[in-house]
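Numbering of ligands and ligand atoms starts at 1, following listing order. Computed from heavy atoms alone, side chains included, the values below leave out hydrogens, waters and symmetry copies.
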Amino acid sequence: MTTQANPTFPSTKPKILVARAIFPEALAKLEESFEVCSNQSDKILTPEELQKALSEVEGALVAGSERIDASALSQATNLKVIANISVGYNNFDVPAMTAAGVMATNTPDVLTDTTADFGFALLMATARRITESEHWVRGGKWDQWSIVNNPLGMDLHHSTVGIIGMGRIGQGIAKRGLGFGMKVIYHNRSHLSDADEQACGATYVSKEELLRTADHVVLVLPYTTQNHHTIGAPEIALMKPTATLINIARGGIVDDGALAQALQEGKIFAAGLDVFEGEPQVHPELLKCRNIVLAPHIASATEKTRRAMVDLAIENLCAALAGKRPPSLINAEVFST
Ligand code: 8YV
């Protein structure tokens, strides 16, 4: 890690940690106002390195790779804010952060459309067997056009998409589905308002009904202990053998071992996964599946959106260190105390 303190005059600027590589322009902007300890090597800090780095700063920019819990915070006596460069914040132990008086922030909204676009792209690639077809072509197996002996996929248009987790991104996927003439059903902790249901053309159903009737199941719910293995062998057993399953939510929402077995046994048609249990490791049995599209957690990964996420995280951090309420504060009780 490098610190950018002025070597001649001791810096009076607040110290911050940038735990992962960010865009150089964003780093330069931070260096105007802060003494920045930055990990531009992008090598993920060990828990010990993170604990030490947090003990020396007033604020930190982190990503999903940094687990922020009581142990990470145990020596962080001056820390006021940790800004996640991510909308999901299952890497935060929010009660521990609140107990330590540390503001927690995330990056909602700025990635909604980019992530919904990707969810739809993954759904299309999975249902229409695009990566499998590419391997087929590259492998020299395409010797002639055929009516039946080509990779035949499943239609999206006029099919039923079932969305589990109907927050901003889920609603974005629903709206894209409407453009394809899809019937949209959803399951969520709470019902959408009538106006939002109408805007998405979406109907609330039980999880069981969704799994039984959807042609395509898309997972967009946040990871919590309660949501662990929302989809495992019993849930897959309810799905149609012709159905696809898309996970752009978080690893651990799906039991990857059970999914691999179901794909190998043809219990469902195919799966598209952007997130994995224990990523960046991928369950070895998933790697053996033909009927799967795999992506390295890139749903929000366009340059424009990643810049917007970094900018929003910086805005959150700067507001907190200036004594103002960060725009995307998660634990409001810390600000009001
Ligand atoms: C992040 C994401 O890039 O925002 C989220 O919740 O899944 C991605 O956009 C990833 O979590 C890294 O922090």
- request: Take the angle between the ring planes of Tyr186 and His191 and call it parallel below 30°, perpendicular above 60°, tilted in between.
  value: perpendicular
task: Give the residue, atom name and distance (to 0.1 Å) of the protein heavy atom nearest atom 12 (C) of ligand 1.
output: Gly64 N, 4.0 Å
- prompt: Against heavy atoms of Arg306, which atoms of ligand 1 measure under 4.0 Å?
  reply: 3 (O)
task: Would you mind checking which non-hydrogen protein atom is closest to atom 8 (C) of ligand 1, with the distance to 0.1 Å?
output: Ser300 OG, 3.5 Å
field: Residue Ile85 vicinity, atoms of ligand 1 by number, heavy atom under 4.0 Å
entry: 13 (O)
- line: Nearest heavy atom to atom 4 (O) of ligand 1, choosing from Thr305, Val62, Val87, belongs to Val87
- request: Report the part of Leu111 in contact with ligand 1, treating N, CA, C, O as backbone and CB onward as side chain, heavy atoms under 4.0 Å; options are side chain, backbone, both, neither.
  value: side chain
- prompt: Taking atom types as modelled, is there a side-chain donor on Ser74 or Ser71 under 3.5 Å from an acceptor on the other?
  reply: no
message: Less than 3.5 Å apart, any donor N or O on the side chain of Thr203 or Glu197 sitting next to an acceptor on the other?
response: no
field: Under 3.5 Å: N/O of Gly88 near N/O of ligand 1
entry: yes
query: In ligand 1, which numbered atoms sit nearer than 4.0 Å to a non-hydrogen atom of Arg250?
result: 2 (C), 5 (C), 6 (O), 7 (O), 11 (O)
message: Using 30° and 60° as the class boundaries, would you call the ring planes of Phe180 and Phe120 parallel, tilted or perpendicular?
response: tilted
- prompt: Are any of the N/O atoms in Ser86 less than 3.5 Å from those in ligand 1?
  reply: yes
query: Can Asn84 and Asn91 be counted as having a side-chain donor-acceptor contact under 3.5 angstrom?
result: yes
query: Is it true that Glu32 and Lys13 make a salt bridge, defined as a side-chain N closer than 4.0 Å to a carboxylate O?
result: no
message: Less than 6.0 angstrom from the centroid, inside 45 degrees of the normal: does Arg306 satisfy that with respect to the ring of Phe23?
response: no
- request: Please write down residue, atom name and distance for the protein heavy atom closest to atom 10 (C) of ligand 1.
  value: His297 NE2, 3.7 Å
